[in-house]
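Beneath this line is the structure, given in structure tokens, with notes to follow.
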Amino acid sequence: MTLKMLKMLLSAFFMCIVLTSKVTKAQKACDPIDNGPYLGVLPSLLMSVSEATEEDLRMYPLDPMFSSELRLMGVIDSVSPNGMIITPQMDYQLVDPSEIFVFETDASSNRNRIRLVRPIDRDGQTASFDDDINTLKFTLKCQPKYNTSLERLYTVHVQILDKNDNSPHFVETYEVEINELLPVGSTVITVSAEDRDLNLDGNITYSVVQIANDLNDGSRLFDVDALHGNVKVRNPLDYESLPVNQKFYNLRIQVQDAGMPSPMSSFTTVKITVTDGDDLGPFFQYTGCQEHKGACAWPEYSAYTKDVQKNKEIRLMTTKGTESTYADIQAKDMDSLSSEIQFSIIATTPRGFDLHFSISTTIMANGYYRATLNLVSEIDTNTLSNLQILIKAEEATFRRRHAIASVRFMKPEENSNTGGSSVSGQQTSSGNEITSLNLGLIIAVAVALTLIVCLSLVVIVIACRRRSPPDDKKNLMTTSGHSNGAYNEHTPL
Ligand SMILES: *[C@@H]1O[C@H](CO)[C@@H](O)[C@H](O)[C@H]1NC(C)=O
Ligand SMILES: *[C@@H]1O[C@H](CO)[C@@H](O)[C@H](O)[C@H]1NC(C)=O
Ligand SMILES: [Ca+2]
Ligand SMILES: [Ca+2]
Ligand SMILES: [Ca+2]
Ligand SMILES: [Ca+2]
């Protein structure tokens, strides 16, 4: 039983060996190594090589990336017993495949291959897919040397693999003008780049790059959407903080593909010009005002009550330290927009004197506006000297930005004899007041001093006459007395 079974098993085993050996023996020259897929009427051979430039092929002709295994039995020559003759047909392409590839048997591995010998640009001349060459297709005729009439035909598909040999590039140059009031998040411009390569080699992303040593670098204020190239405002813009005559930002944008192992990139610089927007109000300006961010912090004007006459323009002054100067009320838009400004009286302290005054606006040069303040109905000097008027300079825009200044009144010095004439036409009015006051004081002091000196002289003279009878010896006595004293002091030594 067991012997019989063993015999049967052994015979089955040998049968298998015989069968398999028969199968291998059946594979002759021009037979496919694999039973490849039928992608049509003919069996197919699928291969792939990388695209290559002329230089690639000159430098690395035997690089495996430029060749592909031709999985057919036999050797490609017409001499060996299992030799075969390979003839590519020029049927699908305009070019002859035998000019692009050589068909050869690798001497060391004894394997058949096709090898690229002519440059192929997979990418074409544009980024569009229309001019891409992704596969080369042709019919291959294979004839065994031992009987050339036993020819076999295959459809060959050679896939052309992409190489990242193109850097992405921006299709145009970009310049744009925007207003400083454009809100954060707004799209300023959209940049666009192209890459002729395939898949990751052509998958491009945008990013902002800082420009070293450029005061107009915009990398802090703008960013770019990585996928779509939309440039957006990232931080609030400020026209005023840009240097004069350089109201623009340079935004450097990089575009990079995702090619492995080393991505390729290129750059563009977008010039973003910023225009002025109405973000600042008017400001009062006079020499010597306390400036804060380019505007007078607490604009204050004053006038002497004597300079206030009905239906006459009130002469106003500004004060810096102890110096008072005649000054006009002038205001200007802090934006370069030079918006129209209108002056008005908004309040008085104490209240209720608004209608005693009128104010009018005159346009001046360089965007300045001037206010003219008039008294239209009498106020008594005591009331006036305690009065303060608040004046508003308002932009005639829909935002109605404004600034406020105060005007107060002072009584001139009571002692001043010169009265109204002291300030007329003079630059330093209160300076004049002070000088006339000082003059009076100086005269008084001088008179007093002279009196004191005279009195003391008289006292001295009287005293001298009492102690020394001769008048002419007064000088001698004083000099001798002095020398005596000196001598006396020195004698104890
Ligand atoms: C070659 O093959 C053809 C087709 O199978 C056959 O007719 C012919 O006899 C063969 N010739 C030789 C010399 O074996
Ligand atoms: C590029 O890659 C990103 C992420 O890797 C993907 O979301 C996007 O669809 C790709 N684009 C293209 C055109 O391949
Ligand atoms: Ca690329
Ligand atoms: Ca490419
Ligand atoms: Ca502005
Ligand atoms: Ca303004």
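Keep in mind that what you see is a predicted model, and the values were worked out from it rather than measured. Counting starts at 1 for both ligands and their atoms, following the listed order.
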- prompt: Which word best sums up how the rings of Phe103 and Phe101 line up, parallel for under 30°, tilted for 30 to 60°, or perpendicular for over 60°?
  reply: perpendicular

Side-chain ion pair, Arg370 and Asp328, N-O less than 4.0 Å: yes

field: N, O or S atom within Asp162 nearest to the Ca ion (ligand 4), by name
entry: OD1

query: Taking everything shown except Glu172 itself, do over 12 heavy atoms lie less than 6.0 Å from its CD?
result: yes

- request: For the Ca ion (ligand 4), find the closest N/O/S atom on Glu51 and give its atom name.
  value: OE2

task: Look at atom OH of Tyr60 and say whether more than 12 heavy atoms of other residues, nucleotides or ligands are closer to it than 6.0 Å.
output: no

message: Tell me whether Asp197 is salt-bridged to Arg122, with the criterion being a basic N under 4.0 Å from an acidic carboxylate O.
response: no

message: Are Phe267 and Phe170 an aromatic pair, judged by ring center distance below 6.0 Å?
response: no

message: Check for me whether Lys247 meets the cation-pi criterion with Tyr239, that is, NZ or CZ under 6.0 Å from the six-membered ring centre and within 45 degrees of the ring axis.
response: yes

- request: Classify the ring geometry between Phe222 and Tyr249 as parallel (under 30°), tilted (30 to 60°) or perpendicular (over 60°).
  value: perpendicular

- request: Find the distance between CG (Leu221) and CG (Asp238) and round it off to the nearest 0.5 Å.
  value: 9.5 Å

Glu395/Arg400 ion pair, N-O < 4.0 Å: no

- prompt: Do any protein N, O or S atoms sit under 3.0 Å from the Ca ion (ligand 5), and which ones are they?
  reply: Glu180 OE2, Glu240 OE1, Glu240 OE2, Asp276 OD1, Gly277 O, Asp279 OD1, Asp335 OD1

- request: Can you list, by chain and residue number, the protein N, O or S atoms under 3.0 Å from the Ca ion (ligand 3)?
  value: Asn164 OD1, Asn166 O, Asp195 OD1, Asp195 OD2, Asp197 OD2, Asp201 O, Asp257 OD2

